[in-house]
Peer 1: 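Just dropping this structure here.
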Amino acid sequence: MFYIFCPYCGEHREEEEFHPKGQAHISRPEDPEATSDEEWGDYLFFRDNPRGVHHELWVHAVGCRKFFNITRHTVSYEILEVYKMGEQPSITAENYAAQQGAASADKERNASQAKHQEGVRA
Amino acid sequence: MQRYSGFGLVKHALSHHENWERQWRNPTPKKSYDVIIVGGGGHGLATAYYLAKEFGVTNVAVIEKGWLGGGNTARNTTIVRSNYLWDESAALYEHAMKLWEGLSQDINYNVMFSQRGVLNVGHTLQDMRDIQRRVNANRLNGIDGEVLDAKGVQALVPIMDCSKNARYPVMGASWQPRAGVARHDAVAWGYARAADALGVDLLQNTEVTGFKIRDGQIYGVHTNRGDIEAKTVGCVTAGNSGVMAKMAGIKLPLESHPLQALVSEPIKPILDTVVMSNHVHGYISQSDKGDLVIGAGIDGYNGYGQRGSYPTVEHTLQAIVEMFPIFSRVRMNRQWGGIVDTCPDACPILSKTKVKGLYFNCGWGTGGFKATPGSGHVFAASLAKGEMHPIAAPFSIDRFNTGALIDEHGAAGVAH
Ligand SMILES: Cc1cc2nc3c(=O)[nH]c(=O)nc-3n(C[C@H](O)[C@H](O)[C@H](O)COP(=O)(O)OP(=O)(O)OC[C@H]3O[C@@H](n4cnc5c(N)ncnc54)[C@H](O)[C@@H]3O)c2cc1C
Ligand SMILES: [Zn+2]
């Protein structure tokens, strides 16, 4: 069960109030007429589906009804960060791996990891 | 292979069933094979079996990172039916249905295929229109099906609440009498044993960690037990297929989601068919052991953890109790999840890729168990001949760029 922080409401609410809406940061091709079948198919259907860090769109469906983004780990289900529409993630697959490596050697980092885990109740 | 029979059972009873032969060998990997199948689920094992049996390709390895059938194959709710709307999918699932009907004999393994019929219940006028359309399409394709009204449903399932007082009153259903259930782990074991007997090497606890590709042609795989070579590789890895494709530099239009099922404590026989409802979203049957087998919906988010969320379980049980008030006090025994590879048009991918010799069989999502024999058969034919079998051909990856989708979303009842 997720316990999700809505960046617009400014509080943690239960998973039941939210709907996941798939991969975040997918932009519609600027000029559809000039887009090849391959590019259009990619835009519509092909997703990253990573085993690891994933940026995804959620909507606070029975709350403020606003869309926002979550960076989440798809194996541990840990919510790594929550950010508003139009913002960019600070945690990515690349820097998360680096951070994980460093964290095992650095106890202080471990403490900050624990802070990230607050968003989840498994 | 030691053949199973009633006589054998009696004979082994005399030695307290302690002398049964192992069902398959545990071979050490060879340096190279003619064909490698990645993924020892039902589809991978069936592919290997038909390769050896129908197409004479016996120098085959099935590489499985865990144990045989440990993926979705032995996690599903075992529903088998073929009442799909479109010609392409109807052909594929009906091909499987015909193979199911002779499967236990063919592989000399009791897969407990039980044609107890499947009801896809309708609760709205639109549900009923879709049901009529689908049943008509099924019959034109030679697939059995009937449209029942609420009375007809009640007659088949007396314990179901078909009254007008229900929150979502039952208006009718589609009924496929040839549909039913099978024992899922027996399907994996049966195919495994039969394939092994024909010379297929089943390599368990062996994980494929990369593909060996040179000049656009596959020539082997990297595994945690060393490299193994083959010029033809079929990847049949269900929920992990997106990750596998990435290793080969290929994109797939799949998303991996947790899907859950649960079983109750065993109770006396009370439900002798399979009931599925798309509208209230729940499906249920009773196993021969007596437990109620209940399937949930997918969790909406992507996930690779083989577990699901509690809200989903709660919604599912609400739906079941809504349809069957009599089950309101039955206790649930176990609950688990599998990772399903959902495809945008709710149809599988059976396809060549841009890497020569590398094929994918995936995207079965929430409903591939029923297709196991058919999928294995047409995929084996494709690997053996280097050309996609006519039944498999429409399920190419290209359809997501050409637009030739096969939309089975609503039409096939609940997506299982
Ligand atoms: C809860 C639930 C209920 C379902 N209910 C139904 C139903 O009622 N009817 C129906 O028709 N379908 C149902 N399904 C769907 C069905 O189970 C699947 O579509 C089908 O079993 C897929 O079979 P498979 O052999 O392709 O995959 P799997 O059985 O998942 O096999 C894939 C195998 O690949 C292995 N693998 C993955 N990566 C690697 C690697 N790198 N190296 C080596 N091995 C690897 C895995 O360990 C796994 O064993 C359900 C699924 C679930 C989860
Ligand atoms: Zn909110």
Side-chain angles (χ1 to χ4, degrees), chain A residues 1-4 13-26 29 32 35-62 67-80 82 93-94 117 119-122, chain B residues 65 207 209 237-247 250-258 297-315 318 337 339-347 349 354 362-363 365 396-407:
Chain A
M1 177 83 156
F2 293 121
Y3 198 43
I4 299 171
R13 309 291 301 190
E14 281 186 12
E15 173 180 347
E16 282 280 81
E17 293 190 9
F18 301 85
H19 283 311
K21 290 289 180 185
Q23 187 179 328
H25 308 296
I26 295 171
T35 304
S36 70
D37 286 353
E38 169 136 25
E39 288 161 343
W40 190 249
D42 286 359
Y43 157 66
L44 284 178
F45 301 121
F46 289 78
R47 299 294 177 259
D48 288 344
N49 198 25
R51 187 185 265 276
V53 175
H54 190 226
H55 307 292
E56 51 199 25
L57 201 58
W58 285 69
V59 60
H60 194 178
V62 294
F67 283 81
F68 60 95
N69 302 300
I70 289 181
T71 303
R72 196 174 55 87
H73 197 284
T74 59
V75 181
S76 68
Y77 294 0
E78 182 184 350
I79 294 176
L80 301 168
V82 172
E94 294 75 29
Q117 282 165 0
V120 188
R121 276 202 243 129
Chain B
K65 72 174 172 186
E207 179 167 0
T209 52
T237 46
N240 203 33
S241 297
V243 175
M244 302 307 290
K246 213 161 280 168
M247 288 178 190
I250 298 163
K251 297 173 302 187
L252 289 175
L254 301 177
E255 289 199 290
S256 298
H257 293 273
I298 59 170
D299 284 335
Y301 46 82
N302 290 26
Y304 286 90
Q306 282 174 313
R307 60 186 184 273
S309 71
Y310 289 113
T312 305
V313 172
E314 196 173 347
H315 288 309
Q318 279 164 0
I339 301 306
V340 297
D341 42 340
T342 61
C343 209
D345 59 357
C347 274
I349 293 170
K354 63 176 197 213
C362 56
S396 141
I397 305 175
D398 294 342
R399 72 181 189 271
F400 298 97
N401 295 115
T402 62
L405 303 190
I406 307 163
D407 182 6

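Letters go in sequence order (proteins before strands), and every chain restarts at 1.
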Peer 1: Can you list the residues that meet the ring pair (Phe, Tyr, Trp, His ring centres under 6.0 Å) rule with A:His25, with sequence neighbours excluded?
Peer 2: A:Tyr83
Peer 1: Most heavy-atom pairs under 4.5 angstrom with chain B, which of A:Glu15, A:Gln23, A:His19?
Peer 2: A:Glu15
Peer 1: If we ignore hydrogens and angles and just use 3.5 Å, is the side chain of A:Arg72 paired with the main-chain N or O of B:Asn302 as donor and acceptor?
Peer 2: yes
Peer 1: Against chain A, label B:Leu405 side chain, backbone, both or neither, depending on which of its atoms sit under 4.5 Å from a heavy atom there.
Peer 2: side chain
Peer 1: Please state whether the side chain, the backbone, both or neither of B:Ser256 comes within less than 4.5 Å of a heavy atom of chain A.
Peer 2: both
Peer 1: How long is the straight-line distance from CD1 of A:Ile70 back to CD of A:Glu56, given to the nearest 0.5 Å?
Peer 2: 6.0 Å
Peer 1: For the pair A:Phe2 and A:Tyr77, name the ring-plane relationship: parallel under 30°, tilted 30 to 60°, perpendicular over 60°.
Peer 2: tilted
Peer 1: For chain A, which candidate among B:Thr312, B:Leu254, B:Val243, B:Ile339 shows the most heavy-atom pairs at distances under 4.5 Å?
Peer 2: B:Leu254
Peer 1: Is B:His257 close to chain A through its backbone or its side chain, or both, or neither, when contacts mean heavy atoms under 4.5 Å?
Peer 2: neither
Peer 1: Using a cut-off of under 4.5 Å for heavy-atom pairs, which of A:Lys21, A:Glu39, A:His73, A:Arg47 has the most such pairs with chain B?
Peer 2: A:Arg47
Peer 1: Pick one of side chain, backbone, both or neither for A:Glu16, based on which atoms fall under 4.5 Å of a heavy atom in chain B.
Peer 2: side chain
Peer 1: After noting the C-alpha distance and the side-chain angles of B:Phe400 and B:Asp345, does the key distance pass the side chain to side chain contact (heavy atoms under 4.5 Å, CB included) rule?
Peer 2: CA-CA 9 Å; B:Phe400 298 97; B:Asp345 59 357; 3.7 Å; yes
Peer 1: Heavy atoms only, distances under 4.5 angstrom: which of A:Asp37, A:Val75, A:Asp48 has the most pairs with chain B? Name it, please.
Peer 2: A:Asp37
Peer 1: To the nearest 0.5 Å, tell me how far B:Lys354 NZ sits from B:Lys251 NZ.
Peer 2: 7.0 Å
Peer 1: For chain A, which candidate among B:Gly242, B:Pro344, B:Gly308 shows the most heavy-atom pairs at distances under 4.5 Å?
Peer 2: B:Pro344
Peer 1: Roughly how far, to the nearest 0.5 Å, is CD1 of B:Ile397 from CZ of A:Phe46?
Peer 2: 7.0 Å
